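First up is the structure itself, then whatever we jot down about it.
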Amino acid sequence: MKTTYTNANLFNGIDNKIIPNTYFTVDNETGKFTEMRTGTPTNDNPQVDLNGQYVMPGLINAHTHIMLNPVTNKMDFLTETEVAFTALQNLKDLLHSGVTYIRECGCAFNTDIKLNKIAKQTKVLGPEIVPSGRPFSIFGGHGDSPENENGSTNFSYLISSPDEMRKAVRIAFKNGAKNIKLMVTGGVMSAGDQVDDTELSIGEMKVAVVEAHSKHMIVSAHAQGHQGIQLALDAGVDSIEHGIYIDEKQATFMKEHHVYLVPTLNAPACISEYGKGKVPAYMMAKNKQVEKAFYENIGMALRKGVKLVTGTDAGTPFNSFKTGTWEELALMVHKIGATPYQALLGTTSYAADLLKISDDYGSLEAGKVADFLVLKENPLEKIEAVQQVDKAIYKKGQLVV
């Protein structure tokens, strides 16, 4: 059974233009596009008239933390049941916002890996996941926490040597991770360090990259301070997460070596707007310290030609799974000077390239998976078009209810 959708204005996720009077056909069994053309269809499939609305790929969010509740902000002593319950609700909220694929960047108990396996076995309709499982940190560093005493619990792998890193990456591979998340520097949300602290060593990171790349995994680096960003680039990571103190030389290197930047602008924006009196004082102080430089440096990286990928750090304080992806796109346009097209590339084809899923996702083409949104307004003219509450969301050709 196939369905043909007619009379669409199409943004394909690649070209900086709307293709008018487009029709496309979806195989309802495989959930893939079988044809995509302009004009009038000649087949006899059942048809859905889109009445000139705008069609674009489903959104990809390349940096989430589905284990976290952004309202309660509870991080310590979470049980596996709490993590799983929270993750399921967050995945539902993401899908209903228009996000059809995510990369999870650090999850206790490997819950993202487990949910991803269950979803593939049962064909659950929800955002698909590039899972990371537990992140890689050091004792006392960003990603360590009180319940992680002696490194024996289920949040971060706590690394103290290249050999320990090698073993931990291999364990993650065995468990089903597709992304290795390295905590290279301190962070805004960790109490015991500063954002410019360097934590994992260059030797440990190089081992992680070699091991991951030899097993078709990618490597993302939580790297906020300048020196940590440099060490991560020297180690050969695939993406820099946050990148607060990136400089021009590093940006040029990233452009030339196809290293992606996932800035997560919404994380500091939400703390700044909603955090006063609700998050610890150290977090507000560090956030205030970095916010201005963050926007300036990410804008510089954009102008230098670095490929920016949309990720929100969803789950951090007040950083919503329901609206955060929309907010991130708006911040890219209104805070750092991206065009709507540049912002949209970060949540479509650029994101798919980083996540190694571009054979099936990230653009609208025959043979790819039919994840798409139907909007009333042109997103290439107005980035807020994606915020439409009643937009139609299709996952593998099925309308999301």
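Heavy atoms only: backbone and side chains are in, while hydrogens, waters and symmetry mates are out. Please read all numbers here as calculations on a predicted model, not as lab measurements.
Within the 4.5 Å cutoff, no side-chain heavy atoms of Ser220 are placed close to those of Tyr260. Side-chain atoms of Pro317 and Tyr274, non-hydrogen and from C-beta on, never get closer than 4.5 Å to each other. Between Leu91 and Ile129, the closest side-chain pair of non-hydrogen atoms falls below 4.5 Å. Residues Lys278 and Phe318 have side chains in contact (heavy-atom distance under 4.5 Å, counting atoms from C-beta outward). Between Met332 and Leu265, the closest side-chain pair of non-hydrogen atoms falls below 4.5 Å. Side-chain contact between Gln342 and Leu302: present, with at least one pair of heavy atoms (C-beta onward) separated by less than 4.5 Å. Using a 4.5 Å heavy-atom threshold, the side chains of Leu59 and Trp326 count as touching. Residues Arg134 and Ser156 are not in side-chain contact: their nearest non-hydrogen atoms beyond the backbone lie 4.5 Å or more apart.
Of the N and O atoms on the side chains of Asn287 and Gln289, not one donor lies less than 3.5 Å from an acceptor on the other residue. In this structure, a donor-acceptor pair under 3.5 Å is present between the side chains of Ser201 and Glu204. No hydrogens or angles considered: a donor-acceptor pair under 3.5 Å links the side chains of Asn43 and Glu35. Thr264 and His242 share a donor-acceptor pair across their side chains, judged by distance under 3.5 Å alone. No side-chain N or O of Thr252 forms a donor-acceptor pair with one of Gln250 less than 3.5 Å apart. There is a side-chain donor-acceptor pair under 3.5 Å between Ser190 and Asp193. Side chain to side chain, Asn28 and Thr3 meet the donor-acceptor criterion of an N or O pair below 3.5 Å. Side chains of Asp197 and Thr185: a donor-acceptor N/O pair is absent below 3.5 angstrom, by distance only. For Thr4 and Gln47, the side-chain atoms include no donor-acceptor pair closer than 3.5 Å. Between the side chains of Asp15 and Asn12, at least one donor-acceptor pair of N or O atoms lies under 3.5 Å.
The salt bridge (Lys or Arg N to Asp or Glu O under 4.0 Å) check on Glu211 picks up Arg166, Arg170, Lys215, with sequence neighbours excluded. Taking Tyr5 as the reference, Phe24, Phe372, Tyr394 meet the ring pair (Phe, Tyr, Trp, His ring centres under 6.0 Å) condition, with sequence neighbours excluded.
Considering Val169, Asp238, Asn179, Val130 in turn, Val169 is the only one that fulfils the side-chain contact (heavy atoms from CB on, under 4.5 Å) rule with Met217. Under the side-chain contact (heavy atoms from CB on, under 4.5 Å) test applied with Leu308, the options Thr347, Val262, Ile336, Leu345 reduce to a single match, Ile336. When each of Thr316, Val195, Asp313 is paired with Val188, the side-chain contact (heavy atoms from CB on, under 4.5 Å) condition holds for Val195 and for no other.
Between Arg103 and Glu241 there is a salt bridge, with a side-chain nitrogen of the basic residue lying less than 4.0 Å from a carboxylate oxygen of the acidic one. Asp27 has no carboxylate O lying under 4.0 Å from a charged side-chain N of Lys32, or vice versa, which leaves the two without a salt bridge. Salt bridge present: Lys395 and Glu128 bring a charged side-chain N and a carboxylate O closer than 4.0 Å. Ion pairing between Lys114 and Glu80 holds under the 4.0 Å rule for side-chain N and carboxylate O.
In this pair, His257 and Phe253 present their aromatic rings parallel. The plane angle is below 30°, not in the 30 to 60° band. Ring pair His222/His142 is parallel by interplanar angle, where below 30° counts as parallel and above 60° as perpendicular.
Dense packing is recorded around OH of Tyr282, with more than 12 heavy atoms of other residues, nucleotides or ligands lying under 6.0 Å away. At most 12 heavy atoms of other shown residues, nucleotides or ligands fall within 6.0 angstrom of atom NZ in Lys178. Counting heavy-atom neighbours within 6.0 Å of Phe173 CZ, excluding the residue itself, gives a total of 12 or less. Within 6.0 Å of the OH atom in Tyr341, the count of heavy atoms belonging to other residues, nucleotides or ligands exceeds 12.
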Passes side chain to side chain contact (heavy atoms under 4.5 Å, CB included), Leu373 versus Val55? Steps please. CA-CA 6 Å; Leu373 312 180; Val55 174; over 6 Å; no
Between Lys368 and Asp359, does a salt bridge (Lys or Arg N to Asp or Glu O under 4.0 Å) hold up when you go through it step by step? CA-CA 7 Å; Lys368 292 196 173 185; Asp359 285 349; over 6 Å; no
Run the side chain to side chain donor-acceptor pair (under 3.5 Å) test on Thr312 and Glu328 for me, step by step, so that the C-alpha distance in whole Å, both residues' side-chain angles and the decisive distance to 0.1 Å come before the verdict. CA-CA 6 Å; Thr312 61; Glu328 184 76 20; 5.9 Å; no
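Of the inter-residue distances, the one linking Leu94 atom CG with Gln89 atom CD reads 10.0 Å to the nearest 0.5 angstrom. Between atom OG of residue Ser320 and atom CG of residue Asn266 there is a gap of 8.5 Å, rounded to the nearest 0.5 Å. Expressed to the nearest 0.5 Å, how far CD of Gln224 lies from CG of Asp196 amounts to 10.0 Å. Note: Cys105 SG to His63 NE2 = 4.5 Å, rounded to the nearest 0.5 Å. Rounded to the nearest 0.5 Å, atoms CG (Asp144) and CD1 (Ile138) are 8.5 Å apart.
The heavy-atom pair separating Thr86 from Asn69 by the smallest distance is CG2-N, 4.0 Å. When all heavy atoms are compared, the tightest approach of Val83 to Cys107 is CG1-SG, 4.2 Å.
The closest donor-acceptor contact from the side chain of Lys286 to the backbone of Met283 lies at 3.5 Å or more, if one exists at all. Here the side chain of Ser132 pairs a donor or acceptor atom with the backbone of Glu104 at under 3.5 angstrom.
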